[in-house]
Every structure is written in C-alpha cells, then in structure tokens.
S.K.: 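Please see the structure below; I have some questions.
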Amino acid sequence: MSTTTLRKSSVRATVGGVLLLAALGVALFVLPDASRRRDEQEKARKAAKALLSVQISELVERQGLVDRLALDQKHLDDLEKKMPSGNVGQLQWELSRLLYEKARDYGVRLQTVKYGLPSREGAKGTDLESIDVEFTVLGIYPSMKPFMLAIEGSGLPFAVGSARLEESPEGARLSVSLRAFRHSGITPKSESAAPEEA
C-alpha cells in the first residue's frame, strides 16, 4: 500500500470521524431542542385552540344577550305605542271593561276594584304616568289561572305587582295589585337646562 493511499484513507477516516461527531452533536443537541420546540408549539397550539373555544362560547353568549335586549327593546317600543294617551278616566274605563269582560268569560266574580291616584314618581324625563289598581276575584281554582292569563295577555299597558290566592267561604279568593301606565301628555322639562341669568 502506498503512502498516498494511506494518507487518503486516514483523511477519509478523519473526515468520517468529524462527520460522525457532527452527527452525534446533532443527535445530542439539535434533535432534543427541535423536539422540545415541537412540544412547545403543540402546547401553544392546544392553548390557542382552547382560548379560541372559550372566546367563541363567550361571543355566542353575548350575541344571545344582544338578541334578548333587542327583543326586549322591541317589546317596550310596542308597549309604548299601545299605551293610551287619553285622560285617566279613559284608562280606568279600559281596565274595568277588561276585568269585567274576562271575569264573565271565565266564570269568576269581581268583588272589588280600586284605583289609586295617578303618579309620575319614577318617570322623570318622560311623560309616563302610573296608576295602581287593586282588585279581588272570587271563583273556583281552575278558573283563576286562565282568567289571569287572559288579563296578562290583553295587551293593555300594565304590570302585575302582586297576586295572592287564598281559600275563602265563597271559594278561591284572588287579590291582585296592578300598575297601569299611560302617556300623560305633559312634556317633561329638561333637567339639564341652565337657569337664566338676571
């Protein structure tokens, strides 16, 4: 074997050894680092996916709230359009007519109907006026629920404040307190208007 061949072989062996060491270095340092980075990226991807899922859920919940608020606003607008603007006597007449008509339809008897005085309390900045109405109904239990449902579904502008059902010698006694609303026609004064200087 010649010296040149020997030198080539030793150079090849040296280069091969260096390459082997480089490969071992890659295997020992680069590959674990790449594996660690891949694991971190996978964890970050899972965390981002979980966060996106939470945000989508919150968005759906908020959209539901927005939809409910829009529906409530529509109901309020519809109720305000139906709200009478005549005098107090006209509103009392409408409520009395409704109560007696439904009492007749459902076989119950109105014992008392009392109207309070008109009030603008809690209606600052609007022309709304409220009137408290209390009435007592006598009848049998199965008639009371459809009677009240018919009253509540009448479309007249009132809210049920309280209702108490109890036993009496005449049968079931239902005592109800309503608050009815109307436009008073009185334009509210601007509360932010500055007093005039002398």
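Computation of the quantities below employed the complete heavy-atom set of this structure, encompassing side-chain atoms and omitting hydrogens, waters and symmetry-equivalent molecules. Positions are given from 1, in the same order as the sequence printed here.
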S.K.: Taking the side chain as everything from C-beta on, heavy atoms only, tell me whether Leu95 gets closer than 4.5 Å to Tyr115.
M.R.: yes
S.K.: Nearest 0.5 angstrom please: Leu178 CG to Phe135 CZ, how far?
M.R.: 5.0 Å
S.K.: Val137 and side chain to side chain contact (heavy atoms under 4.5 Å, CB included): which partner among Met148, Met144, Lys102?
M.R.: Met144
S.K.: Identify whether the distance between the nearest side-chain nitrogen and carboxylate oxygen of Arg37 and Glu40 falls below 4.0 Å.
M.R.: no
S.K.: Is there a path of hydrophobic side-chain contacts, each under 4.5 Å between heavy atoms of I/L/V/M/F/W/Y residues, joining Leu165 to Val160?
M.R.: yes
S.K.: Any chance you could measure Arg104, atom CZ, to Phe147, atom CZ, to the nearest 0.5 Å?
M.R.: 12.0 Å
S.K.: Say you draw a straight line from NZ of Lys46 to CD of Gln41; how long is it, rounded to the nearest 0.5 Å?
M.R.: 13.5 Å
S.K.: Quick check on the hydrophobic clustering: are Ile140 and Leu149 connected, directly or via other members, by side-chain heavy-atom contacts under 4.5 Å?
M.R.: no
S.K.: Linking Ile, Leu, Val, Met, Phe, Trp and Tyr through side-chain heavy atoms less than 4.5 Å apart, which residues share a cluster with Leu65?
M.R.: Leu69
S.K.: Taking atom CZ of Arg173 and atom CG of Leu138, what is their separation to the nearest 0.5 Å?
M.R.: 5.5 Å
S.K.: Roughly how far, to the nearest 0.5 Å, is OG of Ser175 from CD of Gln111?
M.R.: 8.5 Å
S.K.: For atom CD of Glu58, decide whether the heavy atoms of other residues, nucleotides or ligands shown that lie under 6.0 angstrom number more than 12.
M.R.: yes
S.K.: What about Leu174 and Tyr100, same hydrophobic cluster or not, with Ile/Leu/Val/Met/Phe/Trp/Tyr joined at side-chain heavy-atom distances under 4.5 Å?
M.R.: yes
S.K.: Can you see which heavy atom on Gly116 is nearest to which on Gln92, and at what distance?
M.R.: O-NE2, 4.4 Å
S.K.: Any chance you could lay out the side chain to side chain contact (heavy atoms under 4.5 Å, CB included) test for Leu52 and Ile56, step after step, and finish with the verdict?
M.R.: CA-CA 6 Å; Leu52 179 63; Ile56 288 172; 3.9 Å; yes
S.K.: Below 4.5 Å, heavy atoms only, C-beta onward: do Glu42 and Arg45 meet side chain to side chain?
M.R.: yes
S.K.: Given the rule in the side chain to side chain contact (heavy atoms under 4.5 Å, CB included) test, do Tyr141 and Glu167 qualify, once you have shown the distances and angles that lead to the verdict?
M.R.: CA-CA 9 Å; Tyr141 283 102; Glu167 187 80 33; 2.9 Å; yes
S.K.: Say you draw a straight line from NZ of Lys43 to CG of Asp39; how long is it, rounded to the nearest 0.5 Å?
M.R.: 6.5 Å
